[in-house]
Structures are given as structure tokens and as C-alpha cells.
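Data first, discussion second: the structure below is written as C-alpha cells.
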Amino acid sequence: FISSSYFGVRYSPHGSIFDVAGSSLFGENLRYVLGFLCSSAAFYLLGIINPSMNYQIKDIKQLPYRVDERHKAEVEQIVDECVEISKSDWDESELSFDFGCDPVYALADGSKSVEECIAERLSVCAERHARMRANEERLNRMFAEIYGMESVVGCEVPDDKITLRKTDEKICAENLVSYLIGRAFGRYSDDGVISTVRKELTADEVADFVEAQADKRFCRGGAAALAALCTDGKMNNLRVYIKRSFVGNHKRRFHGKGFYFKSGKCIEYRVAES
């Protein structure tokens with residue numbers, strides 16, 4: 001309903017709810033519709049229909065919509081792939097209901113260093129990013145052709161318009177430390193079950209667990225490497241980072257709605273109050 005930049009459209013699985021702030025569309029050819037509404041051609045036309053930041057149902061109904069059978073199968077295949085890429089990317093975040101394991105932790109088997117596992121992870125992210133961009137640009141070109149708008153709309157997609165989560169070495173390291181702390185509290189386990197039982201541990205107990213896991217899962221000083229990555233090389237003592245900086249960084253990353261809170265010399269795990 002309100003947008004500060006591009007008109008945003010997402011696929012919602014069965015069982016989702018919505019309201020007027022984010023209306024939903026139902027009917028046939030939904031994957032084709034999704035591809036069209038995400039295209040630069042649709043955004044250009046919406047700008048003519050309603051040149052503001054408020055997009056309403058009547059604006060979407062006015063869009064000239066038709067299914068082009070020449071491109072229908074390819075559009076649907078690309079949309080399916082984009083949805084899968086986006087879901088995989090989101091499910092690797094602790095905020096996802098389907099989160100199960102940190103992706104860097106999943107790569108560790110004791111034979112690789114933290115840096116090697118993170119590099120492997122960043123390579124996967126880069127491939128996803130490139131694939132998503134190629135898919136979105138292909139959709140833009142097809143719908144520009146369908147509507148005869150090749151000379152009117154741009155088909156290139158800049159980096160800042162790819163809506164996958166941004167990541168780098170530091171973010172990967174911080175995510176991994178957060179996951180290991182979750183395992184210390186029993187929040188995460190090998191079977192993927194998430195515990196919501198409130199629990200409190202001393203900062204030293206948390207640090208003992210995380211350091212042991214990091215050195216066990218990674219070779220060549222996993223704990224020290226994680227500390228260096230989380231602090232931009234300012235320290236190599238993971239225990240100090242956990243006791244002094246983790247909770248504050250964690251709460252900032254989750255906009256004050258994180259899972260972990262500091263209480264004296266203890267760290268407490270609980271669901272944040274809304």
C-alpha cells in the first residue's frame with residue numbers, strides 16, 4: 001500500500017494472512033502474474049496510472065494484463081526459480097520460521113578453517129545473487145517485448161535492487177557466533193527443533209561452549225578467527241567479544257528485538273517482548 005521505492009510483490013504460500021497494507025491477488029496464472037508485476041514494464045505503467053508512493057487495488061486492476069503464450073512457460077519457470085532462491089536465502093536467517101542451522105556451521109567438518117567455510121558460503125551467495133539478477137533482467141526483457149516497450153523501460157537490474165540479504169565475512173561470522181550461542185542455550189539442536197524455554201547462563205559458561213564448538217568444528221583456531229572477523233581484526237579473543245560486545249551487537253542487529261539479553265555477569269535467552 002505504501003512504498004518508498006519500487007512496487008513490491010511476493011509469493012505467499014497457503015495459510016498466509018494479509019490486510020489492506022499488503023493486499024493479495026488470487027486467480028489463475030499466478031506465477032505469470034507475479035513475473036509481470038515484478039517487471040520494469042509493470043512498474044513504468046504503474047507510474048503512469050498512479051505517480052505516487054501509494055499503490056491501491058484499483059491501480060493494479062487498471063494494468064493492461066494479458067498472457068503471452070510464447071513466453072508463458074519460460075516466465076513461470078523463471079518465477080519458480082526466483083521464489084526458490086528467495087526462500088532459501090530467507091530460511092538461512094534466524095528470523096525465518098524455517099531456520100534450522102547456520103549455513104557456515106553446516107559446512108564445517110573439522111577439516112576446514114572458519115575463513116575457508118565463510119569463503120565457500122560467500123561463493124554460494126554470489127552465485128544466487130548473479131542468478132537472481134539474470135532472471136530479473138530476463139523477465140524485464142520479455143515483458144518489455146510483450147508490451148512493445150523496449151525503447152521505454154530499462155531492463156538492467158542494479159545490485160541495490162536485488163532483494164536478497166546482504167552478507168560479507170563479518171556478517172557470516174556474527175551469524176555463526178549467534179547460532180553457537182543459541183546451541184549453548186538449547187535454542188538450536190541437530191534435529192532442528194527450536195526451544196523457547198527461557199534460560200540464563202553465566203557469560204563464562206556461554207563462552208566456554210562457543211569456544212569449544214568453534215575449535216572443534218573448524219581447524220586452525222576457529223575461536224580466534226571468529227573473534228577477529230566479528231571485530232574487524234581488533235581482537236582474537238572470542239571470550240572477550242562474547243562477554244563485552246555480543247549482546248549489544250545482537251540487539252542492534254535485531255533492532256532491539258533479539259533473543260539474548262545481558263543481566264549482570266549472565267546472558268539470558270528469552271523471546272523479546274513486542
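As the structure is a computational prediction, the values presented were derived from the model and not from experiment. Values reported hereafter were calculated over all heavy atoms of this structure, with side chains retained and with hydrogens, waters and symmetry mates removed.
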Any chain of hydrophobic side-chain contacts (each under 4.5 Å) joining [X] to [Y]?
X      : Y      : value
Leu34  : Ile57  : no
Ile146 : Leu63  : yes
Val177 : Leu95  : yes
Val114 : Val124 : no
Ile78  : Phe43  : yes

Looking at [X], I'd like to know if its [atom1] atom is crowded, meaning that more than 12 non-hydrogen atoms belonging to other residues, nucleotides or ligands lie closer than 6.0 Å.
X      : atom1 : answer
Arg244 : CZ    : no
Lys216 : NZ    : no
Ile17  : CD1   : no
Glu137 : CD    : yes
Lys166 : NZ    : yes

What pairs of residues pass the side-chain hydrogen bond (donor to acceptor under 3.5 Å, both in side chains) test when at least one of them lies in residues 195-204, not counting sequence neighbours? Arg198-Glu268, Thr202-Glu205, Asp204-Arg239, Asp204-Lys243
With a 4.0 Å cut-off, would you call [X] and [Y] a salt bridge?
X      : Y      : value
Glu94  : Arg253 : no
Glu127 : Arg131 : no
Arg138 : Glu74  : yes
Asp190 : Arg183 : yes
Lys170 : Asp168 : no
Glu116 : Arg220 : yes

Checking [X] side chain against [Y] main chain: does a donor-acceptor pair fall under 3.5 Å?
X      : Y      : answer
Asn236 : Ala224 : no
Arg121 : Pro103 : no
Asp91  : Asp98  : no
Asp59  : Gln56  : yes
Ser88  : Glu84  : yes

Answer yes or no: is there a side-chain heavy-atom contact under 4.5 Å between [X] and [Y]?
X      : Y      : result
Leu176 : Leu229 : no
Phe218 : Ile118 : no
Leu45  : Met149 : yes
Arg165 : Ile171 : no
Arg31  : Val83  : no
Asn29  : Lys72  : yes
Ile60  : Leu46  : yes
Tyr11  : Lys87  : no

Look at the rings of Tyr55 and Phe7 and say which category their plane angle falls in: under 30° parallel, 30 to 60° tilted, over 60° perpendicular. perpendicular
Would you call the rings of Phe259 and Phe254 parallel, tilted or perpendicular, where under 30° means parallel and over 60° means perpendicular? tilted
Glu136 vs Lys161, test: side-chain contact (heavy atoms from CB on, under 4.5 Å). Steps then yes/no. CA-CA 10 Å; Glu136 292 190 17; Lys161 299 304 178 187; 5.7 Å; no
Determine the minimum heavy-atom distance between [X] and [Y], stating which atoms define it.
X      : Y      : value
His250 : Gly258 : NE2-CA, 3.3 Å
Asn140 : Cys38  : OD1-O, 4.3 Å
Ala42  : Phe36  : CB-O, 3.0 Å
Ala214 : Leu226 : CB-CD1, 4.0 Å
Asp19  : Ala21  : OD1-N, 3.0 Å
Ala227 : Leu238 : CB-N, 3.4 Å

Please step through ring-ring contact (aromatic ring centres under 6.0 Å, His included) for the pair Phe209 and Phe185, ending with a clear verdict. CA-CA 10 Å; Phe209 180 90; Phe185 281 102; 9.4 Å; no
Once you round to the nearest 0.5 Å, how far does [atom1] of [X] lie from [atom2] of [Y]?
X      : Y      : atom1 : atom2 : result
Gln77  : Asn135 : CD    : CG    : 7.0 Å
Ser263 : Arg270 : OG    : CZ    : 8.5 Å
Arg66  : Tyr147 : CZ    : OH    : 6.5 Å
Leu139 : Cys82  : CG    : SG    : 6.0 Å
Cys155 : Glu145 : SG    : CD    : 10.0 Å
Asp102 : Leu180 : CG    : CG    : 7.5 Å

With ring-ring contact (aromatic ring centres under 6.0 Å, His included) as the criterion, how do Phe143 and Tyr44 come out once you've worked through the C-alpha distance, each side chain's angles and the decisive distance to 0.1 Å? CA-CA 11 Å; Phe143 284 107; Tyr44 181 87; over 10 Å; no
Take Tyr179 and Cys101 through the side-chain contact (heavy atoms from CB on, under 4.5 Å) test and state the conclusion after the steps. CA-CA 8 Å; Tyr179 175 75; Cys101 180; 3.6 Å; yes
Return yes if a side-chain donor-acceptor contact under 3.5 Å exists between Arg10 and Ser16, otherwise no. no
Run Tyr260 and Ser178 through side-chain contact (heavy atoms from CB on, under 4.5 Å) and show every step you take. CA-CA 9 Å; Tyr260 310 110; Ser178 181; 4.0 Å; yes
Cluster partners of Ile162, using ILVMFWY side-chain heavy atoms under 4.5 angstrom, listed by chain and number? Ile85, Met132, Val157, Leu164
